[in-house]
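Contents: one structure, followed by commentary.
The basis for the numbers below is simple: all heavy atoms, side chains too, and nothing from hydrogens, waters or symmetry mates. Source: prediction; values computed, not measured. Chain identifiers are assigned alphabetically (A, B, ...) following the order of the sequence lines, protein sequences preceding nucleic acid strands; residue numbering begins at 1 within each chain.
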Amino acid sequence: MNNLKYISAIRNGDFTGLPIAGSSTAVNMTGNWKFFRPLLKPKKAPCFEACPLHIGISDYIKEFAAGNHLAALEILRLSNPMPAITGRVCPNFCQSACNRTDFDEALQIGNLERALGDFGLDHPHPGNDKDENKTAAIIGSGPAGLAAAIFLTRAGVKVTIFEQNTAPGGLLRYGIPAYRLPRPILDQEIDNIIESYKIELKCNHRIESAQLKKLTAEYDVLIAAPGLSRSSIPAQWPDIPKIKGALDLLAAISRNETIPGQNFVIIGGGNAALDTARSLKRLGKTVKIIYRRTRAEMPAYPDEIMEALEEGLQIQEEVVVAKVAGTGDALNLDLHHSRKDGKQITAGDFLETITCDFLIAATGQESGTDFKDYSPELLPAGDFAHGAASVAEALASGRKAAESALEKFGLLADYPVSNQTTEESAPITCTQLHLNYYVKKPAGKTPQLEAAARNKNFSEVNLSLTLDQLADEAERCFHCGSCTTCGICWFFCPDVAIAINHDSHEAESPILFDYDHCKGCGQCAEVCPRGVIEMEEDL
Amino acid sequence: MTKNHFTNDTNWQITNAEFMESGHMACPGCGASLSMRHVLKVLGPETIVVMPACCWAIIAGGQPTTALATPLLHTPFAVAAAAASGVRQALTAQKKENIQVLAWAGDGGTFDIGLQGISGAAERHEDMIYICYDNEAYMNTGIQQSSATPHGAWTTTTPGGKDFKYAKKDILAIIKAHDPGYLASATIAYPEDFYAKIEKAKAARGFRFIHLLAACPSGWKIDSQNSLEVTRLAVESGVFPLLELNDSGNIEKTYEPENPISVKDYLAAQGRFRKVSEKETELWQSEIDRNSSRNTS
């Protein structure tokens, strides 16, 4: 009888009193069970921390990978106004810090930056419409001077740059050879900057220290970024005409001047030594580098040393030039083994005497100016302020000088910065990431010109990859410490208590935790590849 | 659909539709509830779930609530396969062949109590998917040993660890002897492999059997956040290989760990194996090495 009653009740859609469950378990607030709750806590990426310019690398690569190249370029330029240049000449501090190194191979951030930079050559900077009625004079149009100019004009300051040479760029133009930084790229990048930001550039305009006072009176702020444009000649060999500074020679080569002599010996182990040697080799000269320590101790970038060796450059290690004697057109050099004397290196046993047409000193740089007594108004920037360093560091220094000026003007508040700069925490390490669900993928390396083809001309050694070719490389970024809405936490939640907010705006969280039902198991925190989810005691 | 960024196949789209509800009664970090969630994502709403006594009989919620958006038939312990056979016959009579019947049972209801019913259904090639979510003991009733409990494991009925004489029953070999329509072992810690196997089972016909390893934080004496990781270690160590019956009738591995870990590391990650001696660990390791040296069985 009962059975019949049930059947008719079901037919009538009346489930009351029947052993059939009709409502969802979602009415159970299982969130009450938990002792810990998951929270989204973004962290700083190591690349961001390592970069002197603190570029929002993860942010722009996110846009890059999504195919939004223009958006990526804008984020990149926010912190680095000349990516086509740094993408070629930066030693990539970011890449050395990349967490992916511990997994398979570092992300090729330099290549991504370079491709975006080249893309940007056809896309002028947005410039600036503000006018804050302030003026700035900048001495030197190298990376530091240009960076200072850009960051000042972005805030509405009118900038005039004084450049002693015929063209802007400083060491970018007169120090870095064309095979590392092709001149059309350099020209285009700087032209874009000068035009977009309406910077007044006065070339062939050398500023002497006597003029500083006048400039400080004329302009609201004066930034000095004259660089270290000359190689220092070792003090024991003054006034020998056959001994030349590496930077003078590089500048002469940049100006396409005829270089006399055939046999060159270069002393030094930095980038200037290698750049000079490789440039001379391309001009058909015979070149030898003499370095007092071992190759591993050379301060030059490892990539450059490797490329130089591929090109057949001779590097004689642990040797010093003890004596220089001139006989007519040639120089006689007495080579001795290096002897380590504490931190000092002195001449040890005699090795041999060699002959050369010119001895090139690449052992240090000095300022080409005589600025001595800084007026308190003068803000130093670039190599002139902190000693010889990378282009990225020069840019950062120029930006810092601009920021101090803006602070003085009270304009720093609405100054655009990369959105990661406010975080104080230490950058996230590889051990804080969860990489079980990552697949090893080879890095997108730049193809290089064959070594045999390089010595003939100044063609660029590192060839370009297109944006499309780098799409896979952009996908390799771990985005350490920042949520990409990859969905792995959502996938592995046993309580269906995580939702992904794909269209999240900045104010909203990209991950929504349903704390009414989350039991606090912590699996989401354990699988998050980027280490963004943390468990916090639920009180 | 959610595009996933955590597997080989970045074009793999996972449906956003959920057929398992929040608020279910599973313990935090339960591998069985996570497995059900994804099995139903694949099988979809046109599925009838048949469930004997097991953890899930509780997880599904007390009357009048249910955690599943699909019909769910609770049955006595021994008869999941028999009841599922009946449901299938009723659907066939109504010409509803498109509706999948999913028998969903724990290891107790599969390896021990339900075994004769499974054998009968498999013999008749009943058109159903039988999934055993194996948490390696009678967890729901208080962690009693089953024939799926691995040797050495602590349970409340084997307080010194299950005797090493009694190895875990080879359920795949038993079902294979019935010539099933599809046969595989899987775990949700390997999402692509898991989804591929459920998809294949869904597409096949006849009696289809999948053996899922599902971690139980309280029964395995692990922290709830490690449940997935320990399941992964089971596969990486070779204790629970991911297998599938291939077209030529052999069971073969569908996943080979790139850098296999030792059994010792798998055991050390769990409290239930604390009493396994070094000699027993070595014995276990040699069993695995022997098994993995032959690729198929």
Which heavy atom of [X] sits nearest a heavy atom of [Y], and at what distance?
X: A:P494; Y: B:C30; value: CB-O, 3.7 Å
X: A:C521; Y: B:G29; value: CB-N, 3.1 Å
X: A:W490; Y: B:K41; value: CZ2-NZ, 3.5 Å
X: A:Y437; Y: B:A189; value: OH-O, 2.6 Å

Tell me, yes or no, whether the heavy-atom count around B:K96 atom NZ, taken from other residues, nucleotides or ligands under 6.0 Å, exceeds 12. no
Report, as yes or no, whether the 6.0 Å neighbourhood of atom CD on B:Q94 holds more than 12 heavy atoms from other residues, nucleotides or ligands. yes
If I measure from the heavy atoms of chain A, does B:M36 come under 4.5 Å with its side chain, its backbone, both, or neither? neither
Among [options], which residue has the highest count of heavy-atom pairs closer than 4.5 Å to chain B?
options: A:A497, A:S24, A:G522; result: A:S24
options: A:K519, A:K34, A:M535, A:M29; result: A:K519
options: A:T30, A:N28, A:D514, A:V496; result: A:V496

Which residue is it: B:L228, B:N226, B:D223? I am looking for the one with a side chain to side chain contact (heavy atoms under 4.5 Å, CB included) to A:E526. B:N226
For the interface with chain A, which of B:A69, B:G61, B:P217, B:S227 has the highest count of heavy-atom pairs at distances below 4.5 Å? B:S227
Among B:R232, B:H74, B:M20, B:E258, single out the residue with the greatest number of heavy-atom pairs under 4.5 Å to chain A. B:R232
Using a 4.5 Å cut-off on heavy atoms from C-beta on, say whether the side chain of [Y] contacts that of [X].
X: A:N436; Y: B:E229; result: yes
X: B:S22; Y: A:D495; result: no
X: A:W33; Y: B:C27; result: no

Measure A:D516 against the heavy atoms of chain B and call it side chain, backbone, both or neither at under 4.5 Å. neither
What part of A:C524 gets closer than 4.5 Å to chain B, counting heavy atoms only: side chain, backbone, both or neither? neither
For the residue pair B:E21 / A:T25, report whether a side-chain donor-acceptor contact shorter than 3.5 Å exists. no
Value for NE2 (B:H38) from CZ (A:F491), rounded to nearest 0.5 Å, stands at 4.0 Å
